[in-house]
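First listed ligand is number 1; within each ligand, the first listed atom is number 1. Count residues from 1 along the sequence. Remember, it's a predicted structure, so these values are computed and weren't measured experimentally.
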Amino acid sequence: MVLTAEDRKLIQASWGKLSSEMDNLGGEALTRLFQAHPQTKTYFPHFDLSPGSNDIHRHGQKVFKALDGAVKHLDNIRGPLAELSDLHAYNLRVDPINFKLLGKCFHVTLASSLRADYTCQTYLAFDKLFYEVADVLSEKYR
Ligand code: HNI
């Protein structure tokens, strides 16, 4: 699934509008993940997973920062995600289905922040991005 020039523009414009909320959006998406798909909590037995916990907040910031790296390199998201691709495949061994679930939770999070600005076209552009991120994070599994 290739991001068109228009997709990239929409993603980067939306990302710019989110800058004031950057610290919280990852945590919000993770909170949604753990609530909507409780089976994902099994990967975080060492975290306090109550909604809004410091663990979720801090981890959300790391995940968001990784996505930020991808958004800043839309022509080559493999570069910034390379280490995470190794980590998730070799060390964490997260079932790749969960990347799709987190992508859905990011859609809801972005939609609830951007409201009317989260148009169908913007949704589609982000859907392609999340698909690509999930693809990169899954490609080292054997
Ligand atoms: Ni993920 C650690 C990014 C999806 C389970 N993950 C990280 C880190 C980043 C990250 C960044 C921190 C690495 C470090 O400390 O060096 N994770 C991402 C991204 C996605 C993603 C960008 C998809 C968009 N991870 C998921 C999913 C799960 C997941 C869907 C499981 C449901 N990740 C983990 C676990 C850790 C982790 C578990 C280790 C947490 C810890 O600190 O112990």
Side-chain angles (χ1 to χ4, degrees), residues 1-4 6-115 117-142:
M1 227 179 285
V2 178
L3 288 167
T4 63
E6 183 63 20
D7 292 331
R8 291 168 198 217
K9 246 195 275 169
L10 289 170
I11 290 171
Q12 278 161 344
S14 308
W15 213 246
K17 291 180 200 151
L18 295 169
S19 54
S20 64
E21 299 174 77
M22 273 181 69
D23 281 352
N24 297 320
L25 293 177
E28 183 185 330
L30 285 176
T31 299
R32 292 183 186 282
L33 178 73
F34 297 137
Q35 292 205 317
H37 308 284
Q39 71 274 22
T40 55
K41 296 199 271 188
T42 55
Y43 293 98
F44 299 90
H46 51 311
F47 274 29
D48 169 8
L49 293 183
S50 41
S53 76
N54 281 339
D55 284 346
I56 294 184
H57 185 68
R58 264 197 306 268
H59 190 65
Q61 290 177 328
K62 290 187 196 172
V63 173
F64 195 85
K65 199 161 161 247
L67 288 178
D68 188 53
V71 167
K72 291 191 170 124
H73 298 91
L74 289 177
D75 48 336
N76 169 34
I77 64 163
R78 243 175 211 88
L81 294 177
E83 276 181 31
L84 286 176
S85 178
D86 286 346
L87 180 77
H88 286 77
Y90 301 139
N91 301 70
L92 300 169
R93 306 202 65 82
V94 171
D95 185 329
I97 191 78
N98 293 299
F99 300 133
K100 303 266 156 64
L101 299 180
L102 181 57
K104 285 178 204 277
C105 293
F106 263 108
H107 274 309
V108 179
T109 300
L110 294 183
S112 72
S113 285
L114 295 168
R115 317 296 285 188
D117 287 346
Y118 208 56
T119 61
C120 302
Q121 288 84 353
T122 303
Y123 167 88
L124 185 61
F126 272 101
D127 202 53
K128 289 188 192 178
L129 173 65
F130 296 144
Y131 185 94
E132 282 193 14
V133 169
D135 212 35
V136 172
L137 292 186
S138 309
E139 70 188 3
K140 303 270 176 68
Y141 285 73
R142 291 285 177 276

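For atom 1 (Ni) of ligand 1, the count of nearby protein N/O/S atoms, taking only those under 2.8 Å, is 1.
Atom 30 (C) of ligand 1 has as its closest protein heavy atom Asn98 O, 3.3 Å. The shortest contact between atom 32 (C) of ligand 1 and any protein heavy atom is with Tyr43 CD1, 3.6 Å. Counting only heavy atoms of the protein, atom 26 (C) of ligand 1 lies nearest to Phe99 CE2, 3.7 Å. In terms of protein heavy atoms, atom 41 (C) of ligand 1 is closest to His46 NE2, 3.5 Å. Scanning the protein heavy atoms around atom 34 (C) of ligand 1, the nearest turns out to be Phe44 CZ, 3.5 Å. With respect to atom 42 (O) of ligand 1, the closest heavy atom belonging to the protein is Phe47 CZ, 3.8 Å.
The aromatic rings of Phe64 and Trp15 lie parallel to each other, their planes meeting at an angle below 30°, with 60° marking the opposite boundary. Using cut-offs of 30° and 60° for the angle between ring planes, the Phe44 and His46 rings count as parallel. A perpendicular orientation is assigned to the rings of Phe130 and His107, their planes being inclined by more than 60° (bins at 30° and 60°).
Gln61 contributes no side-chain N or O that, together with a main-chain N or O of Gly27, makes up a donor-acceptor pair within less than 3.5 Å. Looking only at distances, a side-chain donor or acceptor of His88 sits under 3.5 Å from a matching main-chain atom of Leu84. In terms of modelled atom types and a separation under 3.5 Å, the side chain of Tyr141 and the main chain of Asp95 share no donor-acceptor contact.
Results of the side chain to side chain contact (heavy atoms under 4.5 Å, CB included) test with Glu28 over Leu110, Thr109, Val108 single out Thr109 as the only residue that passes.
Between Glu132 and Lys128 there is no salt bridge, since none of the side-chain N atoms of the basic residue sits less than 4.0 Å from a carboxylate O of the acidic one.
One side chain, Ser50 or Asp48, offers a donor N or O that lies under 3.5 Å from an acceptor on the other.
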